[in-house]
Amino acid sequence: MAAQAPAMPAIRLSWWIDDPRMRRMLLRLFGGALAVFIGIPLLTLVLWSFAGEWFWPNLIPTQWSLRWWQEVLENPRVIDAMVLSFTIAPVVTLLTAVVAIPAGYAFARLDVPYRRTLLLLFLIPNAFPRIGLYVSLAVLYYQIGLIDTYWGVVFLHMIGTLVYMTWITTATFRSIDPHLEEAARDAGASPLRAFFSVVLPLALPGIIVASLFSFLASIDEAQGTLIVGTPHYITMPVLLYTLISSFQRPVAAVFSVLLALPSLLLLVVAQRYLHSEYVAAGLGRV
Amino acid sequence: MAVVTSARAVPRPRRFDRSRAAGVLLVLPSLVYLTLFVFIPVIKAFATSFTVRDRDDAGNYTYRVGLDNYAQLATSDTLRANVIFTVFIAVTSVAIVFVIAYVIALALRFGKGPTAKFLGRIYIVPLFIPSVIASYAMITFLANHGFVDGILQALGLPDGAFPKIVFDWKGIVITQVWLSLPFMTVLLSSVLLEISDSLIESARDVGASSWQIFRHIVLPLSAPGALIGVTFMFLGVIGGFTVPYLLGPNAPQMLGVSMVYYMTNYFEPYIASTQAVAIFLLSLVAAVYYVRQQFKREIR
Amino acid sequence: MAEVELRHVTKSYKDTTAVDDVSLAIKDREFVALLGPSGCGKTTTLRMLAGFIRPDAGQIVIDGKDVTDLPPEHRPTAMVFQSYALWPHMTVADNIAFGLRLRRLPQAEVADRTARMLDVVGLPGVTKRYPSQLSGGQQQRVALARALVLGPKILLLDEPLSNLDAKLRVRMRDEIRRIQQELQITTVYVTHDQEEALTMADRIAVMNGGVLQQVGDALDIYDRPATAFVADFIGSSNLLTGILRLAGTRALAQVGDARVPVEADGLADGAAVTVSARPEDMEVLREAAPDAFRLDDTRLVNFGAYKRLLGRHPAFGQLEARVPKAFRLGDEPVYLRFTRARAFAGDPKPRG
Ligand SMILES: Nc1ncnc2c1ncn2[C@@H]1O[C@H](COP(=O)(O)OP(=O)(O)OP(=O)(O)O)[C@@H](O)[C@H]1O
Ligand SMILES: [Mg+2]
């Protein structure tokens, strides 16, 4: 069936696409450029964090030192911010899970009235510009006294994580054969028992990924926390704002590396769970 | 035949429907949460944007409903410049990310060599870097007397010839591209995965070149899914704060930054809310498209 | 002792009536097959018996007790799913023991009953494996064991063999029947495969379009189909439309120019009828006869032990007859005469 097609107008500029060697070379160039673009900025930060002395235009520090690390780790503001970040993130994750998992299950399995409308409402947080939402929320917080409070920050963090986790869990529960649950009921399990014995264990990978992303999203959230949490609830990324603005380059670099560690650790640990659909939905955080 | 003889049974009385009741109960907490922390603020933002605060001679504030805030947004040169700047940044960064991500996604979908594998490993990294850190990394990387400047010096560029990238629109765009690359690539990859090999092979069978296959098959088939990514990223950039705050110029500002300034520095929630609604209206087409497409996917 | 009864059970969805006023009484230890084409409501009926679906109207009675409003965990039924629905995160032993543990039986008894049940289904020594490490046939046996271990009064099976290859299907057929006989358990077996139904069941309930067409043993429904649908669905039949003529004790159907002697229970003279005849109840003639139907475009299909003669009648369309394997076609036309036929009221395929 290799009859030549009535030739679509050949586009001359694209000759190289059909030449495998040329294509391979271009792809390599592209890959190299991408690696530089993604990797070198991060590498520079790491270098800065260990730089004792680095005068421009030297390409690497002229003196190495752990001085900045020591300074950062002894700074009480840094310690406070770390403690705060790591106490907020688990609470956000837990609360999100408690609220989102039942909703995800209901959307996937149960006969929820007005299901379509509800699903539509769950898209609003992503459709309204995030910073605009945070500013409005701040106004509301002033009125109800949640501004500059622990719970104010927690609830703000949950905006992104809740929607994300609801979607993930809905998809996860939907992918589990409903007959598995029915078989458990048939064997004498109550609806609750069937859920905990059969559905939950099978949904665990999806729930774990969603929880990890929620944790990270909470650790990383800066713009909303800056608006509703100052001056008393300074999380790590919010503190980084001020460090960057105060032009203490090595200090900010150390702190950046510190702040990036949990995420990078996760990248290594979670790699095999990172199905593309989770990641795609996980980018509620921009 | 069956033994039962009575007439056709009457319908069973409608019983309390457990499944529906459970459904409502399970969705309720998240609905309450969303109402309190999303829907009410959104509605309040709209309301506030139509509230005008006047100050009378005695120095007391009076409030009324009006379009004055919008008028101010439209007539103030600064604010208007901010709106145009915001849209420009959003469109530019989305376009650049789209092209780069598409190339990576194509390589991941159709490439088999080590380069494709390598791409698959590195493109995901920015996903795990908080945007504050990414912004800061980009500052040290791209600033005047930064890393790139240093390399160019070593290659013989005269001091001071390096263009201004940080604290300029270019810095915002480059950093947004950096941050959004993983999301767009993942999305496009999953869209490309849905195009079956047989479609490509049958096109090749009738003699189409790689370019023609891309132009007439891959591109059109991936368009709807790709547009979800484009709109989502557009919404993210337009409503973003961190990157323009850390890397943007003092003027014009992106609306996210300007809004926060009006809120925290001038304590002007009215103008701030108006800008929020303006951002929303600016992105309304994108938002509606995004919601509709996502919705279709969800419902299935 | 377990009798099951469906009383005027009806279940509708938005645009379809999946099960329409079905009444069926199943006796103790009886093996009943629910047979019908795809979408006829078999699964819905079975799931109502199990308690997964609540009927819109009617009752389900087990041993004289109305269980219609009981959830599945409180019914003495056990179901084997088409997809087996084995829990992938539990071993074979844990799958089978799950229900026993829910009942807080002592550890030793759980282990003992699990092992015994695996013996019954002919699958000892796989307790530690996970379902994904078993073949389709083995999974099928585990699913059966899991359903039976709780000692249910009624066993429900939904097309349990449809995921197996043809050979295995025949073997499992005998196996399931053997186990059912051994345990003397009342069984409802859903299938769309008439061979399964005819070979396994004590009685067969034929459904179409949500309506119960006929309940009877294999001979009943093959030889004395109650509706034209059953006649057509079980085995195959030639269906023609005509007018019934009663002359004394004899009934004839006027089909075109031909008059076909028919069995017509309780039908009135002059009624519009569907005449149905099995391919084996056909006589093949080489020349025209008053009551015979001429066949054009004839061809033979070889089935090994016999042949089928297929042809087209100008007015009545496709007809077929079963002929001996020595049968040859010549150049001259052939004619079919019905040696045995039944008449049913109405159109050939009401609903469906
Ligand atoms: N949850 C549902 N919502 C809407 N319609 C349904 C639902 N379940 C079943 N139906 C419809 O009810 C009818 C009967 O379905 P059922 O599953 O009982 O058929 P079946 O005889 O088991 O078919 P098959 O042999 O294909 O399994 C079908 O027309 C089906 O489309
Ligand atoms: Mg079925």
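This structure is a prediction, so every number in the text was calculated from the model and none was measured. In what follows, chains carry the letters A, B, and so on, assigned in the order in which the sequence lines appear, proteins first and then strands, with residues in each chain numbered from 1.
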(request) Against chain C, label P178(A) side chain, backbone, both or neither, depending on which of its atoms sit under 4.5 Å from a heavy atom there. (result) neither
(message) salt bridge (charged side-chain N to carboxylate O under 4.0 Å, His left out) for R177(C) and D202(C)? Distances and angles first, verdict last.
(response) CA-CA 10 Å; R177(C) 178 67 182 173; D202(C) 299 318; 2.8 Å; yes
(message) Counting only non-hydrogen atoms closer than 4.5 Å, does D186(A) touch chain C with its backbone (N, CA, C, O), its side chain (CB onward), both, or neither?
(response) both
(request) Give a yes or no answer on whether the side chain of Q139(C) reaches the backbone of L134(C) with a donor-acceptor pair at less than 3.5 Å. (result) yes
(request) Measure distances from A194(A) to the heavy atoms of chain C and classify the residue's part below 4.5 Å as side chain, backbone, both or neither. (result) neither
(request) Would you mind telling me which of A187(A), P201(A), S197(A) has the largest number of heavy-atom pairs within less than 4.5 Å of chain C? (result) A187(A)
(request) Evaluate the side-chain proximity of L95(A) to W151(A): yes if any heavy-atom separation is below 4.5 Å, no if none is. (result) yes
(message) At a 4.5 Å cut-off on heavy atoms, which part of L180(A) comes close to chain C: side chain, backbone, both, or neither?
(response) both
(message) Is there a side-chain contact between R141(C) and M172(C) in this structure, where contact means two heavy atoms from C-beta onward sitting under 4.5 Å apart?
(response) yes
(message) Counting only non-hydrogen atoms closer than 4.5 Å, does L156(C) touch chain A with its backbone (N, CA, C, O), its side chain (CB onward), both, or neither?
(response) neither
(request) Decide yes or no for I60(C) and M48(C): does some side-chain heavy atom of the first lie under 4.5 Å from some side-chain heavy atom of the second? (result) yes
(message) Please identify, among P152(C), A147(C), P72(C), A143(C), the residue contributing the most non-hydrogen atom pairs under 4.5 Å to chain A.
(response) P72(C)
(request) Among the options P71(C), G51(C), S83(C), pick out the one with the most heavy-atom pairs lying under 4.5 Å from chain A. (result) S83(C)
(request) Measure R103(C) against the heavy atoms of chain A and call it side chain, backbone, both or neither at under 4.5 Å. (result) side chain
(request) Spell out, as yes or no, whether a donor-acceptor pair under 3.5 Å connects the side chain of D158(C) to the backbone of Q82(C). (result) no
(request) Answer with yes or no whether the side chains of Y189(C) and Q180(C) bring together a donor and an acceptor at under 3.5 Å. (result) no
